[in-house]
J.: 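Here it is, the structure in full.
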Amino acid sequence: MTSFVSGQRWISDTETEQGLGTVLTFDSRMVTLLFPATGETRLYSINNCPLTRVEFNPGDRVESHEGWTILVTEVIEKNGLLTYCGTLPDGQTRQLPEAELGNHIRFNKPQDRLLAGQIDQNSNFTLRYKTLQYNYGLRKSPMRGLIGPRTSLIPHQLHIAREVSQRHAPRVMLADEVGMGKTIEAGLILHQQLITGRASRVLILLPESLVHQWLVEMLRRFNLRFSVFDEERCRQSPDENPFNTEQLIICSIGFLCQDEERRKQALEADFDLLIVDEAHHLIWSEEETNTEYQCVEALSQQIPGLLLLTATPEQMGAKSHFAHLRLLDPDRFHDLAAFEAEESRYEPVAEAVQELLGNENQALPAQARDHLISFLGEDSKPLIDALDKEPDQDDEEARSTARTQLLRRLLDRHGTGRVMFRNTRAAVGGFSGRAVQGYPQVLPELYEIALEEESNYRHNLYPELAYQAQIRVDDMDPWWKVDPRVDWLMNLLKLLKKEKVLVICANANTALDLENALRILSGIPAAVFHENMSIIERDRAAAYFAEEEHGAQVLVCSEIGSEGRNFQFAHHLVLFDLPEHPDLLEQRIGRLDRIGQTEAIKIHVPYLLGTGQEALFHWYDQGLNAFADTCPAGSMVQMQLGEELVPYLQPGSQTSTEAMDTLLNQATQLNQQQMEHLHKGRDRLLELNSRGLISNEDMINDIEEQEQPRQLKRFMEKLFEGFGVEAEDYSKHCLVIRPGSHMITTFPGLPDDGMTVTFYREMALSREDMHFLTWEHPIVSEGMDMVLTSELGNTSVALLKNKALKPGTMLLEAIYVVETSADRTLQLDRYLPATPIRCLIDPGFNDLSEKVAFDTLNAQLQPLKRGVAKKLVNAQRAPFLAMLDKAEGYSKDRVQPIVNQACQNLLTDVTEEIKRLAALKVVNPNVRSEEIEYLKNRAALGHQALQKAVLRLDALRIMIAG
């Protein structure tokens, strides 16, 4: 058994970036280490700990934590602790207890392994060097975090993800219209925040109906394993606070709202990022707020990052919109009246923006000039003057640059431009369109009798409820035997044959009865989906509907079917009844009409004549045009004309047709006016900010270029081979991988029965049964970590077949790594990832690495038997050590320029961002002071850590010409 003593220094084989660890405590089972370089503590099982004792030998140079270095001449052991005796550079003798060793020292000595005859295969040396190179490129990439997810490369989603995820503790609202992919945007932001270390602990709050869907989406698309927390899970927790037991947690917002103790525990759990979907359910007013809002508000005050998702940010008007903004930044959005006044001031700026966008080759009108100068300040005049010059081909680029800079400043200084993103279908395009057909049905006599007794106007919208409430006879037929819409639906389904049809109605009992009726009367395979089902039951119903050959033709949903679920594989939508609010109607249609839909949506609306259903159908169809197109102004129109609409929804309404036509005309005109208003002012700026000022095609090209599926496939085949994983071709672009009989160790993420993987995005999107391996997939990244944190391939001896070299000539290839230990949140990987330095030393002690490429040399090498290789190393020990000393000297000369460039890149990035934010804060209070202070502090700490970068020998290869 490994012997531990408090104060000993050890290094983690799996987390070498932590630096040296110090033994704090231990018992017969566990040992605790503190890593001072990062401030983190780790607990290991003594019987199976990935730790290596740090021991230096005479001749080694060792650094203290104060920065001075000795050349070790003697090592003294006392009570399990080491003391190094040696000489300083000035010749003085000094002792260095191991407890005072520098925390950034890395313990990895391939030369000791090589001289001891521990020689690896040449293919593993190649694998190690390639892994270092790929790891370096990935960590330097500006697209880091966006390559890995199993998503289509959609420009507006990638723009938002890149814009938001690069911020410290982002606090934004994702408010794209229904079907634009808000969940994907949130997942991309989350994935990049996690993979770059900006966040590590995340809490997602959702309506209960969406919990399992998010759980599956996060795993399937982003390879993020969340844990679902409910009361049962919390009771089983071994920790006093169950929210401390997992890093990534999903739970229903209702669960936290109902239990004050669990809510308190969540508040104390120290999360980095909070995500709330369907945020329009959070209701706030100056007089009263609902429990959900209070819960999210309390959490948002404790958690630095916040993402709110809603397709209808203004569903309840300006107050509702302000309520969400208030959660994101209560200091900035603290007064509703001030917010409304600020909103009204954007109208003239909107006109100027329109001039900027619409008159590329013309000078700006005087009024537009004045508006821009008043909004942007006098420093914008030179840019505006550049636009006023006569069109000239030589000045075309300058004019374009000036226009772009003006638009950038407008976006930066725009009221909610930094906290809200809202893309519209009209702006993005690419949707398949909609077609609506109304089917008037005669009101049954029994319904008419039931409605005569009703005062509840909702029963006029859903007359089956009135029938069940008012018709009280023992042998009463169920409503579905009376309602003509049921016969109509069965005829429609028979007409459509095997085409998938989504049916949505307002009430769960209606959905249950309707599914029952379809089964009894027609035998049509149907599934039902409502709020009283468990999450597993809902998922089974959705999966049964999605199955092509043997699945249900129809899925009958209650209102919750219009939130969150995606059924874009279906093209027919039946609205068995109509919701009272246009935003709910848009939610319903958005289940089919979304990105990924391949055909125009056919919307079928049966309605009973003489009821509120008829009035609502004409209201949505003629008044708001809400079936044929999205209706962002619908909620505002309904707020203004809603009281006049209500009488038409009441039972027994006698209002004339002429009066209804007048109201519909009013709604049409008001809707057009509101739509025109929405296309002006801040919404135009918001649209620009949300989809990006410039084309995102370059970003997509960069991602596609970095994916390199063929190269990744070749690399992974070598990596699997190195660890004994069996891999065979499944098809041209796919592999089947499974544990091999000679595996060195368990391979992370690989199940016992194996898995099928593809390296191509298109294949992954069409075949969800396959795993999509990218450079950011856990199997790839953890596989690379296994190479770099082990000794695999860090020594090799090979025969060099080159006729230009005299037989017996020895070359030494040494691979060094420049790296630094620091808190992961400093993001130093962006500036100084583990950087490989290659030296190729000839017998004359020259470095040939610039003249002889790695791949060129590698192609000339042949393996040697281990016994022969050992004899060669022993015979060449003295020249090997001399060449290694030269290689270290050459490598050290290259370290400081690398560190200097990293420091310069860090300071350039941070300085530019601080200047931009400081200037922006003068005109846009939405920029938080802590953002600027955070950047300054991070820059100082990052610069200090970069200056402490060290050079580590990673691998050695001796080559003998023959």
Side-chain angles (χ1 to χ4, degrees), residues 436-496 501-530 532 552-559 561-562 572-580 584-585 588 602-621 648-653:
V436 65
Q437 176 67 51
Y439 302 85
Q441 307 291 315
V442 176
L443 183 66
E445 185 177 349
L446 286 174
Y447 274 12
E448 196 169 346
I449 294 171
L451 289 172
E452 286 175 357
E453 304 297 324
E454 275 292 349
S455 58
N456 185 344
Y457 86 94
R458 280 181 54 83
H459 285 187
N460 198 39
L461 297 179
Y462 314 113
E464 71 275 9
L465 302 182
Y467 175 80
Q468 294 172 80
Q470 300 297 335
I471 305 298
R472 302 286 187 179
V473 291
D474 293 338
D475 58 348
M476 178 183 74
D477 283 332
W479 68 267
W480 46 266
K481 284 191 176 181
V482 175
D483 199 316
R485 293 174 296 172
V486 177
D487 287 336
W488 166 86
L489 177 59
M490 288 190 294
N491 290 330
L492 177 69
L493 294 174
K494 291 174 183 176
L495 184 66
L496 295 176
V501 180
L502 179 67
V503 178
I504 301 181
C505 44
N507 302 290
N509 287 335
T510 301
L512 276 167
D513 291 344
L514 191 54
E515 185 267 343
N516 188 44
L518 291 174
R519 183 164 30 84
I520 293 173
L521 298 177
S522 69
I524 293 172
V528 67
F529 188 106
H530 58 85
N532 298 323
Q553 181 190 1
V554 58
L555 178 66
V556 184
C557 293
S558 65
E559 197 70 74
S562 65
H572 290 271
L573 174 64
V574 172
L575 302 178
F576 193 77
D577 50 38
L578 291 169
E580 297 175 64
L584 284 177
L585 176 65
R588 287 189 181 190
K602 288 84 174 178
I603 304 171
H604 308 274
V605 187
Y607 58 88
L608 293 170
L609 294 168
T611 68
Q613 291 184 357
E614 180 183 9
L616 264 185
F617 176 76
H618 294 307
W619 173 257
Y620 288 142
D621 187 33
Y648 300 95
L649 307 181
Q650 298 283 2
S653 171

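As the structure is a prediction and not an experimental result, all values here were calculated from the model.
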J.: Of all the heavy-atom pairs spanning Leu584 and Pro579, show the shortest one and how long it is.
T.: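 The answer is CB-CB, 3.7 Å.
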J.: When you measure from the side chain of Tyr462 to the backbone N and O of Leu578, does any donor-acceptor pair fall under 3.5 Å?
T.: yes
J.: Using a strict threshold of under 4.0 Å (side-chain N to carboxylate O), is an ion pair present between Arg588 and Asp577?
T.: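 Looking at Arg588 together with Asp577, the answer is yes, because their closest N to O distance falls below 4.0 Å.
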J.: Only pairs at least two apart or in different chains count here, so list each side chain to side chain donor-acceptor pair (under 3.5 Å) that has a residue in residues 606-618.
T.: His618-Gln622
J.: Could you tell me if the side chain of Phe576 sits less than 4.5 Å from the side chain of Val486, heavy atoms only?
T.: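 Sidechains of Phe576 and Val486: in contact.
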J.: Taking the side chain as every heavy atom from C-beta outward, state whether His572 and Leu502 have any pair of such atoms under 4.5 Å apart.
T.: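 Result no, sub-4.5 Å side-chain heavy-atom pair not found.
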J.: Between Trp488 and His604, is any pair of side-chain heavy atoms under 4.5 Å apart?
T.: yes
J.: Closest approach of Glu464 and Asn507, non-hydrogen atoms and distance?
T.: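 Scanning both residues completely, I find the closest heavy atoms to be OE2-ND2, 4.2 Å.
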J.: Do the side chain of Asp483 and the main chain of Trp479 share a donor and acceptor less than 3.5 angstrom apart?
T.: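 No: the side chain of Asp483 does not pair with the backbone of Trp479.
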J.: If you look at every heavy atom in Met490 and Ser522, which pair is closest and at what distance?
T.: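 Residues Met490 and Ser522, closest heavy atoms: SD-CB, 3.7 Å.
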J.: Give the C-alpha distance, both sets of side-chain angles, the deciding distance and a yes or no for side-chain contact (heavy atoms from CB on, under 4.5 Å) between Gln437 and Val605.
T.: CA-CA 6 Å; Gln437 176 67 51; Val605 187; over 6 Å; no
J.: Going from OH on Tyr447 to CG on Leu465, what distance comes out if it is rounded to the nearest 0.5 angstrom?
T.: 8.5 Å
J.: Can you see which heavy atom on Ala506 is nearest to which on Ser558, and at what distance?
T.: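 Between these two residues, the closest heavy atoms are O-CB, 4.5 Å.
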J.: What's the separation between atom OG1 in Thr510 and atom CG in Leu514, rounded to the nearest 0.5 Å?
T.: 8.0 Å
J.: State, yes or no, whether a side-chain contact exists between Leu608 and Pro463 at a heavy-atom distance under 4.5 Å.
T.: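 When only atoms from C-beta onward are counted, Pro463 and Leu608 do touch, with a gap below 4.5 Å.
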J.: Are Ile471 and Val482 side-chain neighbours, meaning at least one heavy-atom pair lies under 4.5 Å?
T.: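 Of all side-chain heavy-atom pairs linking Val482 with Ile471, none is under 4.5 Å.
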J.: Below 4.5 Å, heavy atoms only, C-beta onward: do Val503 and Leu555 meet side chain to side chain?
T.: no
J.: Compare every heavy atom of His530 with every heavy atom of Ala508, then report the nearest pair and how far apart it is.
T.: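 Minimum heavy-atom contact is CB-CB, 3.9 Å.
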J.: Would you say Asp477 and Tyr467 make side-chain contact, with heavy atoms under 4.5 Å?
T.: yes
J.: Take Asn516 and Leu512 through the side-chain contact (heavy atoms from CB on, under 4.5 Å) test and state the conclusion after the steps.
T.: CA-CA 6 Å; Asn516 188 44; Leu512 276 167; over 6 Å; no
J.: Are the side chains of Leu492 and Leu496 in contact, using a 4.5 Å heavy-atom criterion?
T.: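 Side chain of Leu496 against side chain of Leu492, heavy atoms only: contact under 4.5 Å found.
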J.: Would you name the heavy atoms of Ala552 and Ala527 that are closest together and state the gap between them?
T.: CB-N, 3.9 Å
J.: Before you tell me yes or no, could you show the steps for His459 and Gln470 under side-chain contact (heavy atoms from CB on, under 4.5 Å), namely the whole-Å CA-CA distance, both residues' side-chain angles and the distance that decides it to 0.1 Å?
T.: CA-CA 11 Å; His459 285 187; Gln470 300 297 335; 5.6 Å; no
J.: Begin with the C-alpha distance, continue with both residues' side-chain angles, and end with the deciding distance and a verdict on side-chain contact (heavy atoms from CB on, under 4.5 Å) for Ile504 and Val574.
T.: CA-CA 6 Å; Ile504 301 181; Val574 172; over 6 Å; no
